[in-house]
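This report refers to the structure that appears directly beneath it.
Start at 1 with the first residue, then count along the sequence.
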Amino acid sequence: MALARRAPPWFWIVTLLLLLWQAMGLLSFYEHVTNGAEAMGAVPSDYDRQLIASLPRWYDWVYAVATWGGLAAGIALVLRRAIAVPLAIVSLAAIVVMFGWMFLATDIIAMKGWWTTYFPAAIFAIGAFTLWFAMTAKAGGWIV
């Protein structure tokens with residue numbers, strides 16, 4: 001087994017921030033599957049409740065892959081394992097499927113406006129950054 005090169009200090013800062021973000025995503029997933037629209041508190045409208053209730057069962061599985069895959073990629077980065085790259089790819093693909101379906105198969109944008117795309121876009125961007133970061137770490141020899 002090849003030895004990883006010494007990672008720069010900022011590698012650990014970024015990795016821990018990503019791991020924190022991914023843990024928050026997992027908490028969001030847990031709230032979604034255990035509480036549904038009630039996880040949103042008093043904020044959701046009738047439309048939000050109806051939308052959450054009408055999500056297909058496969059959506060929960062894709063959500064699980066996105067969040068658990070992201071967390072696994074973060075843990076792999078902490079452990080300095082190159083498996084972080086394929087895990088980040090799987091997580092990002094699940095994010096695309098999840099939000100792609102949400103915006104293409106529902107009327108959420110028509111009902112709530114374009115602003116509803118901002119947070120999913122940020123989630124996608126962080127997922128893409130995680131993949132880029134894992135690939136950079138692998139190319140730098142910081143993970144093996």
Side-chain angles (χ1 to χ4, degrees), residues 2 4 7-144:
W10 59 266
F11 168 85
W12 296 108
I13 295 167
V14 172
T15 296
L16 292 175
L17 288 173
L18 286 174
L19 197 58
L20 255 171
W21 169 260
Q22 292 148 352
M24 289 188 316
L26 193 61
L27 179 62
S28 176
F29 167 72
Y30 174 78
E31 287 292 324
H32 169 79
V33 296
T34 58
N35 298 322
E38 300 307 315
M40 301 170 86
V43 175
S45 64
D46 287 337
Y47 175 80
D48 295 320
R49 283 188 195 85
Q50 204 171 25
L51 178 65
I52 298 296
S54 70
L55 291 174
R57 293 301 323 155
W58 62 261
Y59 189 89
D60 292 345
W61 288 98
V62 174
Y63 195 170
V65 169
T67 54
W68 282 101
L71 184 67
I75 291 169
L77 285 168
V78 169
L79 298 175
R80 301 180 68 188
R81 298 291 179 249
I83 196 165
V85 174
L87 289 169
I89 290 170
V90 168
S91 177
L92 185 59
I95 290 168
V96 169
V97 169
M98 203 171 89
F99 290 123
W101 181 85
M102 181 64 72
F103 294 121
L104 296 175
T106 73
D107 61 348
I108 191 169
I109 294 174
M111 294 299 291
K112 299 187 70 121
W114 279 100
W115 71 270
T116 59
T117 63
Y118 296 159
F119 192 60
I123 292 169
F124 173 82
I126 294 169
F129 175 80
T130 301
L131 175 57
W132 171 83
F133 184 70
M135 291 172 29
T136 300
K138 184 176 179 184
W142 307 329
I143 61 176
V144 292

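Residues Val90 and Val65 meet the side-chain proximity criterion, which asks for heavy atoms closer than 4.5 Å. Residues Thr117 and Phe99 have side chains not in contact (no heavy-atom distance under 4.5 Å, counting atoms from C-beta outward). Side-chain contact between Thr106 and Met111: absent, with no pair of heavy atoms (C-beta onward) separated by less than 4.5 Å. Put simply, the side chain of Val33 reaches to within 4.5 Å of the side chain of Phe29, judged on heavy atoms. Annotation: side chain of Trp101 is in contact with side chain of Leu55 (closest heavy-atom distance under 4.5 Å). When side chains are defined from C-beta on, Phe133 counts as touching Thr15, because their heavy atoms get closer than 4.5 Å. Using a 4.5 Å heavy-atom threshold, the side chains of Thr67 and Tyr30 count as separate. Between Ile95 and Ile123 there is a side-chain heavy-atom pair separated by less than 4.5 Å.
With ring centers used as reference points, Trp115 lies 6.0 Å or more from Tyr118.
By the neighbour-count criterion of 12 heavy atoms within 6.0 Å, atom CH2 of Trp12 is densely surrounded, having more than that number from other residues, nucleotides or ligands. By the neighbour-count criterion of 12 heavy atoms within 6.0 Å, atom CH2 of Trp114 is sparsely surrounded, having that number or fewer from other residues, nucleotides or ligands.
Of the N and O atoms on the side chains of Ser28 and Tyr63, at least one donor lies less than 3.5 Å from an acceptor on the other residue.
Remark: side-chain polar atoms of Tyr59 are not paired, donor with acceptor, to backbone N or O of Ile52 under 3.5 angstrom. At distances below 3.5 Å, at least one donor-acceptor pair connects side-chain atoms of Ser54 with backbone N or O atoms of Leu51. Thr130 places a side-chain N or O within donor-acceptor distance of the main-chain N or O of Ile126, the cut-off being under 3.5 Å. Distance alone, capped at 3.5 Å, places no donor-acceptor pair between the Arg80 side chain and the Val144 backbone.
To the nearest 0.5 angstrom, Lys112 atom NZ is 11.0 Å from Asp107 atom CG. With rounding to the nearest 0.5 Å, the separation of CH2 in Trp58 from CE in Met98 is 10.0 Å. In this structure, His32 NE2 and Leu27 CG are separated by 13.5 Å, a value rounded to the nearest 0.5 Å.
Taking all atoms of both residues into account, the shortest heavy-atom contact from Lys138 to Val85 is CD-CG2, 4.1 Å. Considering all non-hydrogen atoms of both residues, Ala128 and Leu92 come closest at N-CD1, 3.7 Å. Nearest heavy atoms, Ala76 versus Ile83: CB-CG2, 3.8 Å. Taking both residues in full, the closest heavy atoms of Ile143 and Arg81 are given as CD1-O, 3.8 Å, listed atom of the first, atom of the second, then distance. Of all non-hydrogen atoms in Ala82 and Pro86, the two that sit nearest each other are O-CD, 3.5 Å. Residues Ala73 and Ala88 share a closest heavy-atom pair of CB-N, 3.9 Å.
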